[in-house]
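Below, chain A is the first sequence line, B the second, and so on; all start at residue 1.
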Amino acid sequence: MLLVQCLTVNYRNVSALRDISFKLRAGALVGLIGPNGAGKSTLIKALLGLIPAQSGRVLYGDRPLIQQRRQVAYVPQRSQIDWDYPTTVWNVVMLARSRHHGWGRSPSRQSVQIVGDALGRVGMLDLKDRPIGALSGGQQQRVFLARAIAQEADLLLLDEPLAAVDKKTEALVFQIYDELKAEGKTMLISCHEWGGILNHYDELLLLNQQLIAQGAPQEIMTPENIQLAYGLLPHQKHFHDSVEPLFFC
Amino acid sequence: MLQWLLEPLSFEFMRNAMMVGILSGILCPVVGSYLLVQRMALLGDVMAHSVLPGLAIAFFLKINILIGAFVSGVISALLIAWIRSQTRVKVDAAMALIFSSFFALGVLLITLLRNKLELDGFLFGDILGVSQADVLRTGGITLLVLALVRLFYQELFFYTFDRLGAQAMGLPINAIYVGLMSGVTLTIIASMQTIGVVLVVALLVGPATTAYLLVKELHQMMAVGALLGTIASIMGMYTSYYLNVPSGPCIVLISFAFFMLAVLFSPSQGLLTAKTRSPKPTS
């Protein structure tokens, strides 16, 4: 179980997150939603200790999360990566095994097997020798999902993994989420998507610098909550990729 | 032809300079590749200029100039990282500021301490002054840095590709940064005598950039870069000997010629040779 208590983060003296508290049960698929600038990425980074928190604590099990980093897989936003970096799909996924073999050692046979399996699961094994710059956006996201899988972590924190992906990749990604859930993995996934797609998540965290609501999608996506988060009435929200406008409200 | 090639090598200073040139030709592109992939190519230039105050002080105190240069170079890298993390100032401004300030401090110290440090040789390289001891020092640095790169290849790859991801997985990113900057400083010290600090960035970045246009993986970029760096160094030395001009500019211009050849004729990305230069997929 992931337990976050009273997490407050200031970024260059500006308040980014205020007093965030929530619990994620093991094996839950949780979506993190909110407007641009709501602090979704900041929250994920603060959980991992990548940016300092002014106060609060983050426990995984009964110990601080940052003491158990091998248990956490993190997928950064696609924009944070230089896709012209001279490397291949295989090498990127092999990074997941960095802490599993000693300095200067070649990857173990087990790591090679795990990386191959992870690439197979996301349908990228055929492209394992391809330079990452030659991939489409959806393929790049799948490579990073494979990296998270290959890490064999229990907790996965994914920052906008569905940005710039095609529908085929989206369906594949949700299928993999379901498989990971069945394996008992806990997932917190920030997303900018709207509409029916949110029903795939067991729970949503609605964020705008503070936690506005947590719960099942149908329960928390009320007009009041949306107005609190987005400062808009539901019918004013622009549902750029939604087929059915907010049908669960 | 053979006589033409062998004649310079009959002089001890040329043999020494050639050895140092070859060693820097191998080392610079390996270390420079890490700067390049982080879009920090100019950091090499900054650190090259930043070793000057340390050199001046070490020379004055009669301690090993390698130590002085090393400490000074690493302090400059730490200051840049500190300014970046603590203020809104962007990295290019921080680098420009540190680079000019350290260089200015070095020039002042040389004057104030009445050093007999040969500034010209330091700036542009002077193959006449390369001794046997310099060859050994450069050899030692090359072996040390290459061994460390081999040992920490995966960690350095992770850090330079996805710093946040590396930090999230618990890699000691501050130690990796300091280690990498130490490697850059040592490389600059090793290359100072043949190419000079003003131009060493060209050997750090030039062959590695050329290799970047030819291959698709980091380790291949290092290997091809090292080969090109070595050839550029050797050709530069001969040019320097026969035309009686400083070695640094010769090495740099030959390295640039290789780059232009790759821009035009790289099999995969050359402007004149690549078959299809289709835009990247977007979805």
Problem - side-chain contact (heavy atoms from CB on, under 4.5 Å) evaluation trace for B:K216 with A:T87 - result: CA-CA 6 Å; B:K216 63 177 183 180; A:T87 193; over 6 Å; no

Practice task
Would you confirm whether A:K45, through its side chain, and B:L164, through its main-chain N or O, come within 3.5 Å as a donor-acceptor pair?
Solution key: no

Problem - Residue pair A:P86 / B:V215, side-chain heavy-atom distance below 4.5 Å - result: no

Fill in the blank from the handout: Heaviest contributor of heavy-atom pairs below 4.5 Å to chain B, chosen from A:T88, A:I132, A:T169, is A:T88

Handout entry: Enclosure of A:Q54 CD (heavy-atom neighbours >12, cutoff 6.0 Å)
Key = yes

Residues 116-126 of chain A, side-chain donor-acceptor partners within the protein, below 3.5 Å, at least two apart:
from   : atom 1 : to     : atom 2 : distance (Å)
A:D117 : OD1    : A:Q113 : NE2    : 3.4
A:R121 : NE     : A:E179 : OE1    : 3.4
A:R121 : NH1    : A:E183 : OE2    : 3.3
A:R121 : NH2    : A:E179 : OE1    : 3.1
A:R121 : NH2    : A:E183 : OE2    : 3.1

Exercise for the section: Write down the atom of A:S98, the atom of B:E155, and the distance for their closest heavy-atom approach. Expected result: O-OE2, 4.5 Å

Handout entry: Gap between atom OH of B:Y212 and atom OH of A:Y85 - 0.5 Å precision
Key = 10.5 Å

Practice task
Please flag which part of B:M221 lies under 4.5 Å from any non-hydrogen atom of chain A: side chain, backbone, both or neither.
Solution key: side chain

Exercise for the section: With chain B as the partner chain, list the residues of residues 146-162 of chain A whose heavy atoms fall under 4.5 Å from it, by residue number, and write 'none' if nothing qualifies. Expected result: A:R147, A:Q151

Practice task
May I ask you to list the residues in residues 66-77 of chain A that approach chain B closer than 4.5 angstrom, counting heavy atoms only, ordered by number?
Solution key: A:R69, A:Y74, A:P76

Problem - Interatomic distance, A:L95 atom CG to B:F157 atom CZ [nearest 0.5 angstrom] - result: 4.5 Å

Practice task
Answer with side chain, backbone, both or neither: which region of B:T87 has an atom nearer than 4.5 Å to a non-hydrogen atom of chain A?
Solution key: backbone

Handout entry: Per-residue contact mode, B:L171 against chain A (heavy atom under 4.5 angstrom)
Key = both

Fill in the blank from the handout: Scored by heavy-atom pairs under 4.5 Å with chain A, the best of B:Q167, B:Q38, B:R88, B:Q154 is B:Q167

Handout entry: Side chain, backbone, both or neither of A:L48 within contact of chain B (heavy atoms, under 4.5 Å)
Key = side chain

Handout entry: Inter-residue atom distance A:D82.CG - B:D162.CG, 0.5 Å rounding
Key = 11.0 Å

Completion exercise
For residues 137-154 of chain B, the salt bridge (charged side-chain N to carboxylate O under 4.0 Å, His left out) pairs (sequence neighbours left out) are B:D134-B:R137

